[in-house]
Amino acid sequence: MDRFPDRAWDPGRPDIARLLRESAVTDSGLIPSASNYVFVLALAPPGDADGDPGPGAAVYKPARGETPLWDFPPDLYRREVASYVVCEAIGWRLVPPTIVRDDGLPHGPGSLQAFIPSDRDATYFDLRADHPDAMRRMATFDWLTNNADRKGGHVLRGEDGTIWGIDNALSFHVEDKLRTVIWDYAGEPVPPALLADVEAFLGRFQPESPLWASLSEYLEAEECEALRARAGQILESRVFPQPPDWRRPYPWPLI
């Protein structure tokens with residue numbers, strides 16, 4: 001990976017979506033050991049980008065590289081974007097900026113996610129003790145989005161200490177499929193601040209609302225309805241769920 005930029009764009013840049021959408025691809029490298037084809041792209045920003053951001057990088061998940069699944073429809077990359085939309089709408093900075101891009105990519109349409117430099121040897125299991133608030137937020141987010149694949153290696157700590165959750169494609173199923181390594185808080189009350197955020201999200205996420213229309217670009221109508229129902233379930237329960245004993249509650253592998 002030495003040929004890729006040694007620094008990434010700040011994911012908090014107000015123009016980060018434009019940089020991901022309009023930058024030219026200058027190099028591409030396959031990320032090994034993923035179940036689907038995933039690439040890191042080196043990107044050169046458009047000439048009129050603000051503040052000379054320099055070269056950047058993004059994680060690219062093309063539709064053509066997806067392994068078909070029996071329980072999820074194709075175009076999983078769209079769920080990556082839906083996860084980012086939900087995260088932004090609820091005000092939790094957990095998912096790196098993610099867009100759909102249809103042109104200028106080496107393997108066709110897919111998602112582009114801002115690359116987050118991190119210590120890839122540090123997983124959830126290494127980070128949880130020092131970041132309990134962020135991990136409770138992640139657990140609530142995964143419950144809300146019905147994440148079926150929260151492995152330990154899908155939790156990163158950025159160079160500035162921010163905790164990020166990546167690989168969110170297996171989410172938003174209408175059936176209960178929560179599979180995660182974050183069961184540490186099962187049976188505990190959900191912190192009031194997180195409940196308030198979920199309640200505000202639910203208030204905005206109503207049929208015919210702009211947020212509903214935005215998520216409908218990536219999810220089916222019944223998936224939006226199920227998302228809304230899970231938000232209500234969180235507010236009614238107010239307690240982190242226990243691992244179910246009638247199905248597998250952990251992803252495989254765990255890392």
Side-chain angles (χ1 to χ4, degrees), residues 35-36 66-87 89-90 92 94-95 98 124-125 128 134-155 165-191 194-207 211-212 214-255:
S35 56
N36 299 309
E66 294 177 359
T67 301
L69 299 174
W70 69 269
D71 56 346
F72 278 86
D75 293 340
L76 294 173
Y77 71 92
R78 303 184 72 82
R79 295 167 189 270
E80 296 275 6
V81 185
S83 294
Y84 174 65
V85 171
V86 170
C87 195
I90 205 169
W92 296 345
L94 290 173
V95 179
T98 313
Y124 166 74
F125 303 103
R128 58 184 171 181
M135 298 311 176
R136 285 181 174 86
R137 190 179 303 118
M138 185 85 69
T140 309
F141 178 73
D142 288 343
W143 183 9
L144 177 64
T145 60
N146 200 19
N147 193 322
D149 193 38
R150 177 64 71 201
K151 297 182 173 73
H154 295 174
V155 180
I166 62 169
D167 288 341
N168 300 289
L170 298 188
S171 298
F172 300 105
H173 203 285
V174 295
E175 299 175 5
D176 177 17
K177 287 186 176 288
L178 181 61
R179 288 192 293 267
T180 175
V181 297
I182 312 178
W183 292 109
D184 306 60
Y185 315 113
E188 289 186 8
V190 179
L194 298 182
L195 291 173
D197 290 340
V198 173
E199 185 173 17
F201 170 81
L202 184 58
R204 295 180 56 204
F205 186 51
Q206 302 291 333
L211 179 56
W212 191 283
S214 178
L215 279 167
S216 294
E217 297 181 26
Y218 312 111
L219 303 174
E220 298 297 329
E222 59 268 25
E223 293 170 333
C224 288
E225 291 285 358
L227 172 61
R228 188 166 178 265
R230 285 191 300 274
Q233 179 188 9
I234 292 170
L235 294 174
E236 180 178 357
S237 171
R238 309 180 76 84
V239 172
F240 285 109
Q242 298 283 351
D245 57 10
W246 53 271
R247 62 166 177 81
R248 178 166 56 89
Y250 294 93
W252 186 258
L254 295 179
I255 301 298

Mark yes or no for whether E66, through its side chain, and D75, through its backbone, hold a donor-acceptor pair below 3.5 Å.
-> yes

Taking atom CD of E222 as the centre, does the number of heavy atoms from other residues, nucleotides or ligands within less than 6.0 Å exceed 12?
-> yes

With no hydrogens and no angle check, is any side-chain donor or acceptor of W92 less than 3.5 Å from a backbone partner on D197?
-> no

So does E188 have more than 12 non-hydrogen atoms from other groups sitting under 6.0 Å from CD?
-> yes

Rounded distance [0.5 Å steps], CG in L94 versus OH in Y84 | 12.0 Å

Before accepting this row, confirm whether a basic side-chain N of the pair D167/K151 lies closer than 4.0 Å to the acidic partner's carboxylate O.
-> no

Working for side-chain contact (heavy atoms from CB on, under 4.5 Å), residues Y124 and I255 | CA-CA 9 Å; Y124 166 74; I255 301 298; over 6 Å; no

From CA spacing to verdict: side-chain contact (heavy atoms from CB on, under 4.5 Å), V85, L211 | CA-CA 9 Å; V85 171; L211 179 56; 4.0 Å; yes

Here the pair of heavy atoms bringing A186 nearest to Q242 is CB-OE1, 3.5 Å

Could you pull out all residues at least two apart from N147 that satisfy side chain to side chain contact (heavy atoms under 4.5 Å, CB included)?
-> D142, T145, D149, R150, N168, S171

In Å and rounded to the nearest 0.5 Å, what is the OH to CG distance from Y77 to N36?
-> 13.5 Å

Measure the CG-CG distance between L69 and L170 for me, rounded to the nearest 0.5 Å.
-> 6.0 Å

Donor on one side chain, acceptor on other, N146 and H173, under 3.5 Å = no

Greater than 12 external heavy atoms within 6.0 Å of W246's CH2 = yes

Kindly give the heavy-atom pair with the smallest separation between W212 and A221, and that separation in Å.
-> CZ2-O, 4.5 Å

Output all residues satisfying side chain to side chain contact (heavy atoms under 4.5 Å, CB included) with W252, sequence neighbours left out; order by chain, then residue number.
-> R248

Using atom types as modelled and distance alone, determine if a side-chain donor or acceptor of R78 lies under 3.5 Å from a backbone N or O of E217.
-> yes

Do F172 and C224 have side-chain heavy atoms sitting under 4.5 Å apart?
-> no

What pairs with E223 under side chain to side chain contact (heavy atoms under 4.5 Å, CB included), at least two apart in sequence or on another chain?
-> R79, V174, L219, E220

Considering all heavy atoms, the nearest P207-R228 contact | CD-NE, 4.2 Å

When every non-hydrogen atom of Y250 is compared with those of R179, the smallest separation belongs to O-CD, 3.8 Å

Closest non-hydrogen contact found for S83 with F141 is O-CZ, 3.5 Å

In terms of heavy-atom contacts, W143 and V239 come closest through CH2-O, 3.2 Å

CZ/R247: more than 12 non-hydrogen atoms of other groups inside 6.0 Å = yes

Does the side chain of Y185 come within less than 4.5 Å of T140's, by heavy atoms?
-> no

Would you check if V198 and V190 make a side-chain contact, meaning some heavy-atom pair closer than 4.5 Å?
-> no

Can you check side-chain contact (heavy atoms from CB on, under 4.5 Å) on M138 and I182, steps first, answer last?
-> CA-CA 8 Å; M138 185 85 69; I182 312 178; 3.6 Å; yes

Tell me, with the steps shown, if V155 and V181 meet side-chain contact (heavy atoms from CB on, under 4.5 Å).
-> CA-CA 10 Å; V155 180; V181 297; 5.8 Å; no

